[in-house]
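Below, chains carry the letters A, B, ... as their sequence lines are ordered, and counting in each starts from 1.
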Amino acid sequence: MRTMGLAGLDELVAALGRAGYEVYGPRARDGAIVLAPIAGVADLPHGVGDTQDAAFYRLRDRGDAKVFGYSTAVQGLKPVLFPAHELLWKARKTPIGFDVEDADATPPKPRAFLGARDCDLRALAVHDTVLASREFADKAYGQRREGVFVVAVTCSDPCGTCFCVSQGGSPKPQEGYDLALTELLDGDGHRFLVEVGSERGAEILAEVTTTDAPPTDTAAADAVVAEATASMGRTLDTSDLHDVMYAAADSPHWDEVAARCLACTNCTLVCPTCFCTSVEDTTDLTKSMTERHRVWDSCFGSRFSYIHGGVVRESGKSRYRQWITHKLAGYQDQFGLSGCVGCGRCITWCPAAIDITAEAAALRAGLTTGATDALETAGETR
Amino acid sequence: MTTTTTTPTVAVWKFASCDGCQLNLLNAEDELLDVAEAVTIAYFPEATRAMLPGPYDVSIVEGSITTPEEVERIKHVREISGALITIGACATHGGIQALRNYADVEEYTRYVYAHPEYIETLETSTPISEHVKVDFELRGCPVDKYQLVEVISAFAQGRRPRIPTYSVCVECKRAGNICVPVAHGTPCLGPVTQAGCGAICPSFNRGCYACFGPQDSQNCHGMADRLAALGMTSEEMIRAYRTFNATCEPFQAESLRHERARKAGAEEVEA
Ligand code: SF4
Ligand code: SF4
Ligand code: SF4
Ligand code: SF4
């Protein structure tokens, strides 16, 4: 394995730039870590950590020089690869009808992500399945996704809302990266252990000054992973979870959540796997041009379930039930995977402090006292 | 500029208000020429001296009803208008001046005017919709100019306006803002407030003041619990729910709940 210092990391960012990538990395902005374009290591959040809990996020001074010493950024890769707003096409009136123009014919510049976590990559895999691998693929997503270069990073400091280990994840990036780094900072200095995940990764790394990593570094990296794995802020009991969710369809607990839920949509908009959108058509005042836009949507909004004649999910409780049941059960039926990667963002950024792990636990607990044979009939109830 | 009889005629009316919403129409500089092409501005004293006689296809009404004279005038406007659109928090919910609904107006008049006997005013400030039928209400204090142009074009083209009724949070997240209550501990009413402004206040690291009124699925009670968790007192909560849209039902109910608690001197607000 190879290792490099901060200067090497800077060379890596430069090499990606030379290879034509727009490089995104972590930056501190408005009191939070966001993924945004970076020019070099100077832009990274040196010595910045975070503290996260339900409805709580604060940056903190780590008192050291780590650049990846925070946990999850405010958003994953979603806003870049599946933007909140996108022009799909526009049509212009002509004397005999209308001409449809594609939104933007120029292919987007390929993106490189520095600092992606395992949960980010697993969420990306969910989007690949949902958006790009089905009968009607999302063309714009596919274009942006193609050629993405990932420099993943091992999580050293999971936060209070992380529970990726419960959801089959790990603080150590498992797959889907070109290069993976583990940041080490001890008596031997500040360095990054590099693992190569693809041919492209090897090619880019060849342009960077690295040295052979001593075996002690590999052991130190393993220790980082072990420690992080043991310090998840939350856990989710996933045994029979799919069936538990369906069996809980009539749980009295939904009313309790609905009293707190503000139907604000934040949980869905920060969730890296949520993929719902709606289209909005606009016409200009001169009636000569019309545009179709796609925007992020959310199952917590009333229009989301509007069909001819009215709104199907009127109550807050039906919307929360839709959301958590889809995440933890419906996705499996639809796509063969869980809709939750355990990143904890919906917990941190819910202004009402609603916690998917706590609600799932409460629903499960309600089953053992209430609907006894509900697990048997699971799946029939919706 | 073509002024043919085929474009719908539009009149703009002012009731009790600050003119800010009308000004936002004039501020829509890039769109204004197109607006003038798409419709005939027949009556708009704030913008032009030309006044075409009514009736008008579309009337845009700013302001609330606060005097006996206004009660009569709005009925007349309704009679000579095809569609009637109200714009801004004053017209849709009584506006800031609806704070009088919770106070002694006679006492106010004595403090403010040298000769209160000349003042003829109502006890309350009420939305236009309490007096006449309204075809569309556009929220905001002031209204957003893009939304205003959208409503005008929709009525000019005979289609439904594309005005979302979800929360400010939707626009806030789309804009990539950092959530201020979560990351800064700043109270924010965005979750109970209807979108439309583009989440202006959180974009400048301020909490939302709810000037667009309640979103379609508001939970003002749950919101109040969260504001309390961030340290807001009952008194501040009453003010938060009463600033721009004091007369609208969910905000009013929540402000009254906290007022009852304060009067009772209760430690805890009733559930
Ligand atoms: S449901 Fe919550 S924890 Fe799970 S992936 Fe989405 S945001 Fe992360
Ligand atoms: S669960 Fe939280 S973030 Fe999601 S809609 Fe409800 S209040 Fe908003
Ligand atoms: S800052 Fe306010 S409006 Fe924006 S997401 Fe947070 S709660 Fe909603
Ligand atoms: S953020 Fe809230 S208070 Fe600020 S302009 Fe928008 S609706 Fe009004």
Item checked: A/Asp50 versus chain B, the contacting section by heavy-atom distance below 4.5 Å -> neither
Next item on the list: Answer with side chain, backbone, both or neither: which region of B/Asn205 has an atom nearer than 4.5 Å to a non-hydrogen atom of chain A?
Entry: side chain
Check: Is B/Arg206 positioned over the aromatic face of B/Phe204, cation under 6.0 angstrom from the ring centre and no more than 45 degrees off axis?
Finding: no
Item checked: Top of A/His85, A/Glu280, A/Gln75 for chain B proximity - count of heavy-atom pairs under 4.5 angstrom -> A/Glu280
Next item on the list: Below 4.5 Å from any heavy atom of chain B, which atoms of A/Thr268 appear? Answer side chain, backbone, both or neither.
Entry: neither
Notebook entry, point to check: Should the pair A/Arg234-A/Asp53 be classified as a salt bridge under the 4.0 Å nitrogen-to-oxygen rule?
Noted result: yes
Check: Is A/Asp157 salt-bridged to A/Arg62, going by a charged N under 4.0 Å from an acidic O?
Finding: yes
Next item on the list: Pick one of side chain, backbone, both or neither for A/Ala55, based on which atoms fall under 4.5 Å of a heavy atom in chain B.
Entry: both
Next item on the list: Assess A/Arg27 against A/Tyr70: is NZ or CZ under 6.0 Å from the centre of the six-membered ring, and within 45 degrees of the ring's axis?
Entry: no
Item checked: Residue, of B/Ala183, B/Ser167, B/Gly222, B/Ser217, that accumulates the most heavy atom pairs under 4.5 Å with chain A -> B/Ala183
Item checked: Region of B/Ser153 in contact with chain A, defined by heavy-atom distances below 4.5 Å -> both
Check: At a heavy-atom separation under 4.5 Å, does A/Pro351 approach chain B through its side chain, its backbone, both, or neither?
Finding: both
Next item on the list: Pick one of side chain, backbone, both or neither for A/Thr348, based on which atoms fall under 4.5 Å of a heavy atom in chain B.
Entry: both
Margin query: Between B/Val168 and chain A, with a heavy-atom cut-off of 4.5 Å, which part of the residue counts as in contact: side chain, backbone, both or neither?
Written below: neither
Check: Closest heavy-atom contact between B/Ser203 and B/Ala199?
Finding: OG-O, 2.6 Å
Checklist line | Charged N-O contact under 4.0 Å between A/Glu86 and A/Arg144 | finding: yes
Notebook entry, point to check: Any Lys/Arg nitrogen of A/Arg111 or A/Glu22 sitting under 4.0 Å from an Asp/Glu carboxylate oxygen of the other?
Noted result: yes
Check: Side chain, backbone, both or neither: which part of B/Val170 has a heavy atom under 4.5 Å from chain A?
Finding: both
Margin query: Between A/Ala84, A/Ser298, A/Ala258, who has the most heavy-atom pairs with chain B when the cutoff is under 4.5 Å?
Written below: A/Ala84
Notebook entry, point to check: Among A/Val74, A/Leu59, A/Asp281, which has the most heavy-atom pairs under 4.5 Å with chain B?
Noted result: A/Asp281
Next item on the list: Go through B/His93 and B/Phe244 one step at a time and tell me if the ring pair (Phe, Tyr, Trp, His ring centres under 6.0 Å) criterion holds.
Entry: CA-CA 8 Å; B/His93 290 107; B/Phe244 304 96; over 10 Å; no
Check: Taking the side chain from A/Trp296 and the backbone from A/Phe82, do they hold a donor-acceptor pair closer than 3.5 Å?
Finding: yes
Notebook entry, point to check: A/Arg29 versus chain B, heavy atoms under 4.5 Å apart: side chain, backbone, both or neither?
Noted result: both
Next item on the list: Decide ring pair (Phe, Tyr, Trp, His ring centres under 6.0 Å) for B/Trp13 and B/Tyr43; before the verdict, give the C-alpha distance in whole Å, the side-chain angles of both, and the deciding distance to 0.1 Å.
Entry: CA-CA 8 Å; B/Trp13 308 90; B/Tyr43 178 86; 4.5 Å; yes
Item checked: Segment of B/Arg174 engaging chain A (4.5 angstrom heavy-atom cut-off) -> both
